[in-house]
Each structure stands twice: as structure tokens, then as C-alpha cells.
*Asks:* 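I have a structure here, written as C-alpha cells, and I will follow up with some questions on it.
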There are 2 protein chains.
Amino acid sequence: MDKCVDERMDALLGAKDLESCPVRDVLSRVSGKWSTLLLLALSDGPRRFSELKRFAPDISQRMLTKSLTDLRRDGYITRKVYPTQPPQVEYALTEEGTSFLDAWQGVVVWAKENRDRVHAARKRFDAEIDGG
Amino acid sequence: MDKCVDERMDALLGAKDLESCPVRDVLSRVSGKWSTLLLLALSDGPRRFSELKRFAPDISQRMLTKSLTDLRRDGYITRKVYPTQPPQVEYALTEEGTSFLDAWQGVVVWAKENRDRVHAARKRFDAEIDGG
DNA sequence: CAGCATCCCACAAGATACTG
DNA sequence: CAGTATCTTGTGGGATGCTG
């Protein structure tokens, strides 16, 4: 069902050679509330669990763990355990994660450049509604 | 609260001159299940409500209406009503919508190019879990 | 320190029925 | 045809407490 959506999505993009859900499938992992932020947090280099938590204090521990696991599962980051006492765990971007971030930057830059336009549009729209 | 997240996000991107939530705020509108698909559907030219519905048969009418309204509110698309009987309504990309799609294409292309890698990573990860 | 388990809630999204 | 209104459900995410 979602499959056919992606087929149409692909049709629009010029690639007809698909057999299952290419785009939505991949992007779903990265569309969560914290995923891209965590990838960005790792873009200067490896970070420990507690460093990431400090970086995003408003993330719940549950979601930090979950997001990191999901990103790891899809190959965006690695996890290295140092058998110290207490234990240390270090997360780092893979090449896949780095190349994704490159693509993602385009969207982030767009969002920043067009933020005012978007807000203006919202204001206009809401005013119209009020006006009648 | 989300504000500081965006500040950190921006810090990572090198822009410190912010005062509220620039990135997440803008992207939230476009992170829905249907938004980008509908924008893509409009990329060949204007489409009527029923055409969009046919393009994505698995969208509910409620979500089609809602997504189109949201996109319109943020200035990505326009809505033109032709006073015929029965009525016709035509949706079209704005320049803002078009330029967003340009940025978005980068991510879509990445997703398609890296789909196999992502799947392979998932398989590896799940196998490890099983193995112990 | 770096998690996992459990409970809970808000909100995105679907289903269905009705209207100008 | 192009919606609106209402009810319901699924799930992303938060809060809290416990462990190696």
C-alpha cells in the first residue's frame, strides 16, 4: 500500500525500476524528532552517550537510546564499548552517515534561508481566515 | 525548550545569530506523511483535488485536505477556485515550494542511491542480535 | 555511566458520514 | 467535485524507576 505510493514517488523522479518502497522506507528512520540532530551532534567527531545527552538535554533517555539504536541499525553510526569501570560507550558517524548529512545540509540551509518567508506566509494566511 | 535544541543545531551549522526555532519550526510542516509526496505530485504542473487523490489513492480525504491546507498556509502551494458547476479547484507550487523541492531532491536522491546499503546494514544488525 | 522496562499521553492519521 | 465534521486508532515520544 505504501509501496505504491513510493512507486508513484519514483515515477515522478524518473526511476521506474523499483520493486518495493525505496524512498519512504529509508527516510522514515531519519524523520524522527532527534535523529538528524544526533547525526549533527556527531559531525565534529565521536561522542559518548553522556555527551550526547548533555548536547540535547531535553531528550529523554529512552529516546536517546532508541534513536541511537535505530541509527546504528541502519548504518549511520557505530557504537564502540570501552570495558572500563564505569563503562564508556562512544558513538561515531559512518561514511554512510556522513554522506547523508551532506545531502541533508541542503534542506537545513533551505529552512534557515526561507524561515522568514514561511512565517510571513503563515501570518498572511491566518489574517485572511480572520478577515473572512 | 525546543528552542535550545535548534540553537545547538544552528551552533553546529555555524550560525549563532538566531532568536527562536528556525530549522525544526520550518521543517515540521514538511515532515508529515504526505506533504513531500504532494509537493512532488505538483512538480509537473498544477493539479486538481481529485487528480491528487487519484495520484495517492491511499491518502484519506481528511489528510489530503489537511495536508494541502498546511502546505498552503506555509506558502508552498496556491489554491485557485474556478466557479464552475461542479466546482473545480486547482493546486500549484509556488516559487517557495519549487525551491524547497530542489533542496529536498538531494535527500531523495541520497535515499535511492543508498537504499541497498541501508537494507544491508539492517540485515547485519538484526543477524548480530540473533547471534548473541 | 549507559542503559532497559513499564506505564502514560498527545497527536498524526484513518474511517465514515454528511454538504454546498 | 471538493470539501467539513465527528469518532476512533496507532504510534512517537515523555516520565519514572531499576540494573550491570
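Order of the sequence lines sets the chain letters (A, B, ...), proteins ahead of strands, with each chain counted from 1.
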*Asks:* How do B:G32 and B:P87 order along DNA chain C: which one's closest nucleotide is nearer the 5' end?
*Replies:*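 So the residue in question is B:G32.
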
*Asks:* Is there a side-chain polar atom (N or O) of B:R62 under 4.0 Å from OP1 or OP2 of D:dA2?
*Replies:*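 Checking B:R62 against D:dA2: no side-chain N or O falls below 4.0 Å of OP1 or OP2.
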
*Asks:* Among A:R73, A:R72, A:K66, which residue satisfies the salt bridge (Lys or Arg N to Asp or Glu O under 4.0 Å) criterion with A:D70?
*Replies:*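 Looking at A:R73, A:R72, A:K66, the match for A:D70 under the salt bridge (Lys or Arg N to Asp or Glu O under 4.0 Å) is A:K66.
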
*Asks:* Could you check if a side-chain atom of B:L52 sits within less than 4.5 angstrom of a side-chain atom of B:L42, using non-hydrogen atoms only?
*Replies:*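 Of all side-chain heavy-atom pairs linking B:L42 with B:L52, at least one is under 4.5 Å.
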
*Asks:* Rounded to whole Å, how long is the line connecting atom CD of A:Q61 with atom P of D:dC18?
*Replies:*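 Spelled out: CD on A:Q61 to P on D:dC18 is 14 Å.
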
*Asks:* Roughly how many Å is it from CG in A:L64 to C1' in C:dG3, rounded to a whole number?
*Replies:*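 In whole Å, C:dG3 C1' and A:L64 CG are 10 Å from each other.
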
*Asks:* Check whether any side-chain nitrogen or oxygen of B:K66 sits under 4.0 Å from OP1 or OP2 of D:dT4, and answer yes or no.
*Replies:*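 Result: no.
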
*Asks:* Rounded to the Å, how far apart are B:R79 CZ and D:dA2 P?
*Replies:*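 Roughly 10 Å, once rounded to whole Å.
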
*Asks:* For A:L68 and C:dC4, what is the distance between atoms CG and C1' respectively, to the nearest whole Å?
*Replies:*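 So the two atoms are 14 Å apart, to the nearest Å.
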
*Asks:* Should B:S50 be listed as having a side-chain N or O under 4.0 Å from OP1 or OP2 of D:dA2?
*Replies:*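 Looking at the OP1 and OP2 atoms of D:dA2, one of them is under 4.0 Å from a side-chain N or O of B:S50.
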
*Asks:* So what is the end-to-end bend of the helix from C:dC1-D:dG20 to C:dG20-D:dC1, with 5 pairs used at each end and the value given to 10 degrees?
*Replies:*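 Its terminal axes enclose an angle near 50°.
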
*Asks:* Whole-Å distance between D:dT4 C1' and B:K53 NZ?
*Replies:*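 After rounding, the gap between these two atoms is 14 Å.
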
*Asks:* Please examine the side chains of B:H119 and A:D25, heavy atoms only from C-beta on, and report whether any two atoms are closer than 4.5 Å.
*Replies:*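 A side-chain contact exists here, since the closest heavy-atom pair is under 4.5 Å.
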
*Asks:* At their closest point, which heavy atom of A:I59 faces which heavy atom of A:K53, and how far apart are they?
*Replies:*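 That would be O-NZ, 3.1 Å.
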
*Asks:* Indicate, with a heavy-atom threshold strictly under 4.0 Å, whether B:Q85 touches base, sugar-phosphate, or nothing.
*Replies:*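 No contact.
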
*Asks:* Quick one: is A:R48 getting a side-chain N or O under 4.0 Å of the C:dA2 phosphate, OP1 or OP2?
*Replies:*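 Affirmative; the distance criterion is met.
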
*Asks:* Could you state the atom-to-atom distance from CD of B:Q88 to C1' of D:dG3 in whole Å?
*Replies:*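 Roughly 15 Å, once rounded to whole Å.
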
*Asks:* Select from B:P86 and A:S60 the residue whose nearest nucleotide in DNA chain D is closer to the 5' end of that strand.
*Replies:*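 The residue closer to the strand's 5' end, by nearest nucleotide, is B:P86.
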
*Asks:* Flag yes if B:V81 and B:I77 sit in one hydrophobic cluster, no otherwise; membership is Ile, Leu, Val, Met, Phe, Trp, Tyr, and two members link when side-chain heavy atoms are under 4.5 Å apart.
*Replies:*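 Same cluster.
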
*Asks:* Does A:L68 reach the side chain of A:L38, with side-chain heavy atoms less than 4.5 Å apart?
*Replies:*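 Yes. Closest side-chain heavy atoms under 4.5 Å.
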
*Asks:* OP1 or OP2 of D:dG3 versus the side-chain N and O atoms of B:T65: is any pair under 4.0 Å?
*Replies:*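 No, outside the criterion.
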
*Asks:* Name the nucleic acid region contacted by B:Y91, choosing base, sugar-phosphate or nothing; use a 4.0 angstrom heavy-atom cut-off, strictly under.
*Replies:*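 Sugar-phosphate only.
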
*Asks:* In whole angstroms, how far is the C1' atom of D:dG13 from the CG atom of A:D70?
*Replies:*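 The distance from CG of A:D70 to C1' of D:dG13 comes to 12 Å, rounded to the nearest Å.
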
*Asks:* Atom CD1 of B:I77 to atom P of D:dA2: distance rounded to whole Å?
*Replies:*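 After rounding, the gap between these two atoms is 14 Å.
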
*Asks:* Tell me the closest heavy-atom pair linking B:R122 and A:V26, and the distance in Å.
*Replies:*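 Closest heavy-atom pair between B:R122 and A:V26: NH2-CA, 4.4 Å.
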
